[in-house]
Amino acid sequence: MTQLNLNLFVYPAGHHEAAWRFRGAEPHRVLDITYYQELARRAEAATFDAVFFADGPSLPDNVRYASRFRLEPFTWLSAIAAATSHIGLIATASTTYLEPYNLARLFASLDHLSRGRAGWNIVTTGAPQAAQNFGLDEHPAHGSRYARADEFVEVVTALWDSWEDDALVIDQEAGIFADDTKIHPIDHSGERLRVRGPLNTPRIPQGRPVYVQAGSSEDGKGFAARHAEAIFTAHQTLANARDFYADVKSRVKAAGRDPGLVKVLPGISPFIGSTEAEALALREEFNELTQPEYSLHQLRHLLGIDLTGYDLDGPVPREELPTHEQRGYGSRFQVVVDIIDREQPTIRQLLHHLAGARGHWVTAGTPEQIADRMQEWFEGGAADGFNVMPPYLNGGFDVFADEVVPILRRRGLFRKEYDGSTLRSHYGLPRPASQYASRAPDGQAPTGT
Ligand SMILES: Cc1cc2nc3c(=O)[nH]c(=O)nc-3n(C[C@H](O)[C@H](O)[C@H](O)COP(=O)(O)O)c2cc1C
């Protein structure tokens, strides 16, 4: 029986925008590596597939009210690697604001030092303010970011393949350290990138990091169909999640790939109580800690409209929202508009709805109820697993690991122990061969990745 894949999505202090103010949070530890090492060890004890760090090369401009600074993923995950042995380590890195050769080296290091546990959340960076940190007047347009991302993945894949598996010889007798006939320049010269190669690190334990993707626009889903082995996504309802799941799986198949080897992992942010009333009260306690200045700023970022000055207990002015076309891409925009159309919330109710996890699925209930809902999405064709996004950390994860994981295990829905030690083995993904490993009869390296 196929089982769920579970990642722990880590945000400093937790995912709820008011997490750092909650009585059970530990905000003074958000720059203490032992805080994350303890968390990762707990997730490993719960046999989670991976811990995942989001990232962006700019400071969100509403850090006054929430612990929304950025931890650079490679350094923090490397320190977590040293404190763990099995849990996967998924780092976000931008194809827009990094160079392929540098990114290939960073992931090569993370995969070597973790003995095969690296995953790459491939983003093009949605935050336009990042442009000014790299000398650009404008953030590159959505379509051109994805065009660069496509070429970027082709280049780094070739770099990770550029050492064949048996290139490293280490023959002290013969005095041969490496067989340089099995180390290949990639000689990439494309529309946006030129990289000679080879990489300056031997092939990594996983062959390539696990490729993760999280964009949900048309460009994003097309990119996912071509490259993703895991897809992060945000959905509020089973119906929407099921539609997305069916859509991306059919796109993967149309791209000539096996949909069974692409894991669709929606986010879930659970408030857990011994009774449903207790769980709902906990969620309300968090919402009471929210600050409209922060929440309205977040809403402006998601919807492209500033509702400052509106009566918070009045309706959302639906007629003043931009259309999807005006807003352009940005899948999270549609998630929020769907909430407005489905529930006709007041502005305050909408702010509280988004406070938990920025448009991801927030749910409150007993451990049994949370397990029931996850099982319904998993067996209902809406998810292969989940990004678990605790409202606050580290305590908010403990209750999930201690109370929900045992139920999932009893139901045969989740592993009781790891049967491998790499992220690829946790996800049930094959280790890709190097594209240079077998030369075609004409001596040319085979094309494609
Ligand atoms: C679970 C999840 C995590 C994400 N993490 C990041 C991130 O760390 N950095 C980032 O720039 N975008 C992140 N995103 C946003 C997407 O990667 C993507 O940038 C955004 O959806 C815009 O792409 P789209 O227009 O194709 O939807 C995340 C999305 C999801 C669902």
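Read the numbers this way: they start at 1 and go in the same order the structure lists the ligands and their atoms.
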Strictly under 4.0 Å, does any heavy atom of Asn121 approach an atom of ligand 1? yes

Any side-chain donor near an acceptor of the partner, Thr92 and Asn121, under 3.5 Å: yes

Polar contact flag, side-chain donor to acceptor under 3.5 angstrom, Thr34-Asp32: yes

Give the contacting part of Thr233 toward ligand 1: side chain, backbone, both or neither, where contact means a heavy-atom distance below 4.0 Å. backbone

Is Arg373 salt-bridged to Glu276, going by a charged N under 4.0 Å from an acidic O? yes

Does Met389 have a non-hydrogen atom less than 4.0 Å from ligand 1? no

Residues Glu368, Arg411: salt bridge by 4.0 Å N-O rule: yes

Short list, please: which atoms of ligand 1 are under 4.0 Å from a heavy atom of Ser216? 24 (P), 26 (O), 27 (O)

May I ask you to check whether Trp76 and Phe53 place their ring centres under 6.0 Å from each other? no

Are Lys249 and Asp384 close enough for a salt bridge, meaning some N to O gap below 4.0 Å? yes

Do any nitrogen or oxygen atoms of His360 come within less than 3.5 Å of a nitrogen or oxygen of ligand 1? no

Can you check which of Ala214, Gly267, Gly359 brings a heavy atom nearest to atom 28 (C) of ligand 1? Ala214

Using a 4.0 Å heavy-atom threshold (strictly under), name the region of Gln213 that reaches ligand 1: side chain, backbone, both or neither. neither

Those atoms of ligand 1 less than 4.0 Å from some heavy atom in Ser217: 24 (P), 25 (O), 26 (O), 27 (O)

The atoms of ligand 1 lying under 4.0 Å from a heavy atom of Gly220, numbered in the order shown, are 26 (O)

One finds that the ligand 1 atoms under 4.0 Å from a non-hydrogen atom of Gly126 are 11 (O)

If the cut-off is 4.0 Å to any non-hydrogen atom of Gly215, which atoms of ligand 1 fall inside it? 21 (O), 23 (O), 24 (P), 26 (O), 27 (O)

Give the numbers and elements of all ligand 1 atoms closer than 4.0 Å to a heavy atom of Thr92. 7 (C), 8 (O), 9 (N)

Examine the proximity of ligand 1 to Lys221 and report which part, side chain or backbone, both or neither, has a heavy atom under 4.0 Å away. neither

Proximity of Phe9 and His15 rings by center, below 6.0 Å: yes

Cut-off 3.5 Å, side chains only: do Ser421 and Arg117 have a donor facing an acceptor? no

Per-atom filter on ligand 1: closer than 4.0 angstrom to a heavy atom of His142 are 24 (P), 25 (O), 26 (O)

Any side-chain donor paired with an acceptor under 3.5 Å for Tyr211 and Thr157? yes

What part of Tyr146, side chain, backbone, both or neither, has a heavy atom within less than 4.0 angstrom of ligand 1? side chain

Where does Asp55 meet ligand 1, judged by heavy-atom distances below 4.0 Å: at the side chain, the backbone, both, or neither? backbone

Could you check whether Glu285 pairs with Arg23 (Lys NZ or Arg NE/NH1/NH2 to Asp/Glu carboxylate O, under 4.0 Å)? yes

Phe9 touching ligand 1 at heavy-atom level, < 4.0 angstrom: yes

Find all atoms of ligand 1 within a distance of less than 4.0 Å from any non-hydrogen atom belonging to Arg332, and give their numbers and elements. 29 (C), 30 (C), 31 (C)

Are Phe400 and Val405 close enough that some pair of their side-chain heavy atoms sits under 4.5 Å apart? yes

